[in-house]
*Asks:* 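Could you have a look at this structure, given as structure tokens, before my questions?
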Amino acid sequence: MKYRTKNRYHRIAVMLLPATLALLVLTGPAATQLQMRSHRATDTGTIDIVYLVCGARAQQRRLQAMEQWLQQHDTPPIGIWIGNDTQNSLWSRKHQRNLTRAEWAYEHATKIPGNHRVQIAPGSFTNTDGEMQALAKTLRNAPNMQGIAIVTCGFHARRSLARLQQYTGASIQISVIPVLHHWENRAPWIVLAEWLKILRDTLDLAQHPWFSRQP
């Protein structure tokens, strides 16, 4: 009886080992690779635009990260572009209507000290690939553009940067201002989903109706 119990525990341990290893990889190196720490924005002299990536429920954290970065680096007046997230958000007493998420972000950004030039970037899209296409198109129309820093969550940094590089090439230096210290950056289901989306993008399926959000 004792031998059978011990053998049962051994089988359970063997069965759980692959899942445990997968969990450790997802919450460890796989999550770290998504955060693109090698591309953190540090040299403010080469950054002309700070771009707030659409973030839905993460938008407030991204706004706070952007504001903190601007204040910590004591940047001179810089261009702040807000991703055109058209989802309806909260009611505005000032405007007497529900503002979109982009409009609320604009309201917040205009209150950041520093006389920064704030605008909602043009473009209509429903997913990250479409957003980066729209941003790249706007950047091509911006004269003397040297560098852009995108503000997004740590787990979303690699995919956002890769899609923007896909459409801008090497003509513009791209760096990342990530939202730090949040559990989502290492949540295994979020990390796995991001790597699957990166695989989808690598297979040139970023806009396939079966694998991405459509209008």
Side-chain angles (χ1 to χ4, degrees), residues 31 34-90 92 94 99-123 125 127-139 142 145-165 167-168 172-186 190 194:
L34 290 177
Q35 296 176 24
M36 297 303 289
R37 294 178 179 178
S38 60
H39 287 68
R40 294 281 170 88
T42 55
D43 184 5
T44 59
T46 61
I47 295 173
D48 302 297
I49 297 294
V50 172
Y51 178 79
L52 184 76
V53 178
C54 292
R57 60 189 176 84
Q59 185 184 72
Q60 192 60 35
R61 297 201 306 274
R62 298 181 186 190
L63 281 166
Q64 290 170 352
M66 179 177 70
E67 182 173 0
Q68 181 180 4
W69 185 86
L70 289 169
Q71 293 176 346
Q72 284 180 346
H73 290 81
D74 193 25
T75 59
I78 198 171
I80 296 177
W81 292 0
I82 308 295
N84 189 21
D85 190 335
T86 57
Q87 294 184 67
N88 275 344
S89 188
L90 301 175
S92 167
K94 173 183 173 182
L99 300 185
T100 66
R101 292 187 183 275
E103 289 172 327
W104 268 118
Y106 177 87
E107 292 288 310
H108 182 111
T110 54
K111 296 174 184 176
I112 296 175
N115 296 317
H116 302 295
R117 305 178 302 277
V118 184
Q119 70 178 70
I120 296 176
F125 43 81
N127 53 44
T128 297
D129 183 74
E131 181 178 6
M132 295 302 113
Q133 283 191 57
L135 176 56
K137 182 178 179 180
T138 303
L139 287 172
M145 174 65 65
Q146 294 184 12
I148 181 171
I150 59 175
V151 187
T152 190
C153 297
F155 66 84
H156 193 242
R158 189 180 193 92
R159 185 159 59 97
S160 299
L161 190 144
R163 298 322 294 163
L164 185 55
Q165 287 179 329
Y167 297 116
T168 60
I172 296 176
Q173 180 178 327
I174 307 169
S175 52
V176 178
I177 301 172
V179 177
L180 300 175
H181 309 305
H182 194 272
W183 64 267
E184 286 186 345
N185 288 336
R186 294 189 180 274
I190 292 177
E194 280 298 308

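Just so it is clear, the model here is predicted, and its values are computed rather than measured.
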*Asks:* Applying the side chain to side chain contact (heavy atoms under 4.5 Å, CB included) criterion to Ile148, which one of Leu164, Ile47, Val50, Thr46 satisfies it?
*Replies:* Leu164

*Asks:* Considering the options Arg158, Arg40, His156, which one meets the side chain to side chain contact (heavy atoms under 4.5 Å, CB included) requirement together with Gln35?
*Replies:* Arg40

*Asks:* Within the structure provided, determine whether Arg159 and Thr128 are in side-chain contact (heavy-atom separation under 4.5 Å).
*Replies:* yes

*Asks:* Which value, rounded to the nearest 0.5 Å, describes the distance between Lys137 atom NZ and Met132 atom CE?
*Replies:* 15.5 Å

*Asks:* Between Asn185 and Phe155, is there a donor-acceptor pair closer than 3.5 Å when you use the side chain of the first and the backbone of the second?
*Replies:* yes

*Asks:* Would you say the side chain of Gln72 lies within less than 4.5 Å of the side chain of Gln68, judging by non-hydrogen atoms?
*Replies:* yes

*Asks:* Under a 3.5 Å cutoff, is there a donor and acceptor pairing between the side chains of Asp129 and Gln133?
*Replies:* yes

*Asks:* Looking at Glu184, is its backbone amide N or carbonyl O close enough to the side chain of His182 to form a donor-acceptor pair, meaning the two atoms are under 3.5 Å apart?
*Replies:* yes

*Asks:* So, does His39 use its side chain to make a donor-acceptor pair with the main chain of Val176 at under 3.5 Å?
*Replies:* no

*Asks:* What's the separation between atom CD in Gln119 and atom OG1 in Thr138, rounded to the nearest 0.5 Å?
*Replies:* 8.0 Å

*Asks:* Between Thr110 (side chain only) and Glu107 (backbone N and O only), is there a donor and an acceptor less than 3.5 Å apart?
*Replies:* yes

*Asks:* Donor-acceptor pair, Trp81 side chain versus Val53 backbone, under 3.5 Å?
*Replies:* no

*Asks:* Given 3.5 Å as the limit, does a donor-acceptor pair link the side chain of Gln146 with the main chain of Ile172, or not?
*Replies:* no

*Asks:* Could you tell me if the side chain of His108 sits less than 4.5 Å from the side chain of Gln60, heavy atoms only?
*Replies:* yes

*Asks:* Hey, is the main chain of Pro122 close enough, under 3.5 Å, to the side chain of Asn84 for a donor-acceptor pair?
*Replies:* no

*Asks:* Testing the basics here: between Ala65 and Val179, what is the closest heavy-atom pair and its distance to 0.1 Å?
*Replies:* CB-CG2, 3.9 Å

*Asks:* Answer whether the closest heavy-atom distance between the side chains of Ile78 and Leu70 falls below 4.5 Å.
*Replies:* yes

*Asks:* Do Arg117 and Ile80 have side chains that get closer than 4.5 Å, going by heavy atoms?
*Replies:* no

*Asks:* Quick one: do Arg163 and Glu131 make a salt bridge, cutoff under 4.0 Å?
*Replies:* no

